[in-house]
Amino acid sequence: MSFSFSVLNKDPGCLARRGIIQTPHGEVKTPVFMPVGTQGTVKALTPEAVRQIGAEIILGNTYHLYLRPGHDLIRNLGGLHRFMNWPHPILTDSGGFQVYSLAKLRKITDDGVIFQSHIDGSKHFLSPEIAVSIQESLGSDIMMCLDECTPYPATSAEAERSLDLTLTWARRCKTTQKSREQALFGIVQGGMYPALRRRAIADLQDIGFDGYAFGGLSVGEPKDIMQEILAETAHLLPETSPHYLMGVGTPEDIVFAVYHGIDMFDCVIPTRCARNGLLFTNDEKVVIKHARYRDDPGPVDRTCDCYTCRNYSRAYLRHLYVSGEILAMVLNTVHNIHFYMRLMEDIRRAIADGRYTEFNNNFMNRHREYSHWDIDGGNEKEE
RNA sequence: GGAGGGGUUCCCGAGCGGCCAAAGGGAGCAGACUGUAAAUCUGCCGGCGGAGCCUACGGAGGUUCGAAUCCUCCCCCCUCCA
């Protein structure tokens, strides 16, 4: 079974839609949140736990797995699914984000990117062709084109030059793609310039991809700018393909983006924040190390039915965290991923019922009421 | 009884005449985290409303323009010898 996407229903009041992605390793209900498993593992969790919590698809990373343990090794051991014991869908990022996040360790040419390994300093070359071929070795269900994640801020000239490079690379990725078994997504760049984004969407559609992603958002720009970009350009994405907003985001970001027609999300927030002691709940931000939880017998979130909340008190979780125990990261990650999964379920149900606008409004009102609900407290500190 | 060594801010521990409210750890208390170089990073950490003052380096005196740092006595602790 190869890749396909179908829309189950559209919300009558906005662009939100519900759909199903078919992949060789199973189907995925959208809108979907994909936990990030950069190095062939969702940090702190076994694949069985990830699955049980409700994840249907996870991420892997081309750059990291190429450097260690090496894509040839993974291919020879039966591919990434088998290697990491995750028989369900996998999306691999291309290394484009590392072009951005490891900026001090790389050099970009038209041909590709020369990286200096963050592990041992050795030099490596990544091109669009190599990125696709590595992802083919890994055997992921969805491959991403190599792109240049345009940093913020960038002038319109810089963003345009960067976009042109990304588009050239997108063509080369498409040409390199060998089999239709593995889907290939194109990435929309263009910085914070709607006109560039529009052009990117049109050009990528001309090339023709299985799905389209927004990249280069949530790279430090104010929240309202990201929202403006989405509101002005997301509706231009082809309706029959999945829309993926890369690296996003907070619960608020996700609810907002779904309203504008985004189907797929990934973000390190729930996993990284869990390891750093920040737990998501429906009415407050729980920083589990805080002294006030020292003897709190209640669960992290009374309304949560995850394994952690069913079995452990805030006092115990605080103790584990403060003591530096490994179990703290496990239990915290279980909770946060569960929180995100439940959020996506609620979103899908609201769309199925045709009341996403109402859901969105309620959510945003509640968010305003608890401004600390979002991890950065909304955008208030910017003013 | 004799000979050495030592008592520093919550703890450990540097400092050994001014640049010392006192290095560095730890603990404690906060903050950050958006396609993961992250079990990471940042800030605060004697008191009072500022670059100012007060209280602080076992205790009490003293030397000095100036002492955690030098001197005297006292009180504790440790090691070795009898």
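Computation of the quantities below employed the complete heavy-atom set of this structure, encompassing side-chain atoms and omitting hydrogens, waters and symmetry-equivalent molecules. First the proteins, then the strands, lettered A, B, ... as listed; each starts at 1.
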Between [X] and [N], does any side-chain N or O lie under 4.0 Å from OP1 or OP2?
X	N	result
A/Ser101	B/rA37	yes
A/His290	B/rG31	yes
A/Asn61	B/rU36	yes
A/Thr38	B/rU36	yes
A/Lys43	B/rU40	no

Just name whichever nucleotide pairs with [N], Watson-Crick or G-U, keeping both distances under 3.5 Å, else none.
N	result
B/rA60	B/rU72
B/rG31	B/rC41
B/rG66	none
B/rC10	B/rG26
B/rC80	B/rG2

Return the value, rounded to whole Å, for the distance between atom [atom1] of [X] and atom [atom2] of [N].
X	N	atom1	atom2	answer
A/Arg68	B/rA37	CZ	P	12 Å
A/Gln98	B/rU36	CD	C1'	8 Å
A/Arg275	B/rC33	CZ	C1'	10 Å
A/Ile58	B/rG35	CD1	C1'	14 Å
A/Phe97	B/rG35	CZ	P	5 Å
A/Tyr63	B/rU36	OH	C1'	12 Å
A/Leu45	B/rU36	CG	C1'	14 Å
A/Arg292	B/rG28	CZ	C1'	16 Å

Just by distance, do the side chain of [X] and the backbone of [Y] share a donor-acceptor pair under 3.5 Å?
X	Y	result
A/Asn61	A/Thr38	no
A/Thr166	A/Glu148	yes
A/Gln177	A/Gln182	yes

Describe the nucleic acid contact of [X] in one word from base, sugar-phosphate, nothing, applying a heavy-atom distance below 4.0 Å.
X	result
A/Gln189	base
A/Val322	sugar-phosphate
A/Gly37	nothing
A/Ser117	nothing
A/Asp266	sugar-phosphate
A/Ile187	base

Options [options], nucleotide nearest the side-chain atoms of [X]:
X	options	answer
A/Thr250	B/rG31, B/rU34, B/rC33	B/rU34
A/Val36	B/rA37, B/rU36, B/rU40	B/rU36
A/Met329	B/rG31, B/rU36, B/rA39	B/rA39
A/Gln39	B/rA38, B/rU36, B/rU34	B/rA38
A/Ser218	B/rC33, B/rU34, B/rA37	B/rU34
A/Arg294	B/rU34, B/rA32, B/rC29	B/rC29

Counting only heavy atoms not in [X], do more than 12 sit closer than 6.0 Å to its [atom1] atom?
X	atom1	answer
A/Asp206	CG	yes
A/Ile326	CD1	no
A/Gln52	CD	no

What integer number of Å spans the P atoms of B/rG49 and B/rC74?
-> 44 Å
Between A/Gly60 and A/Gly277, which has a closest nucleotide on RNA chain B that is more 5'?
-> A/Gly277
Comparing A/Cys267 and A/Leu105 on RNA chain B - which has the more 5′ nearest nucleotide = A/Cys267
Does A/Asp147 get its side chain close enough to the base of B/rG35, under 3.5 Å, for a donor-acceptor pair?
-> yes
What do you reckon, are the aromatic ring centroids of A/Phe359 and A/Tyr356 less than 6.0 Å apart?
-> yes
Please lay out, stage by stage, how A/Leu217 and A/Met192 fare under the test side-chain contact (heavy atoms from CB on, under 4.5 Å).
-> CA-CA 8 Å; A/Leu217 291 177; A/Met192 305 304 152; 4.0 Å; yes
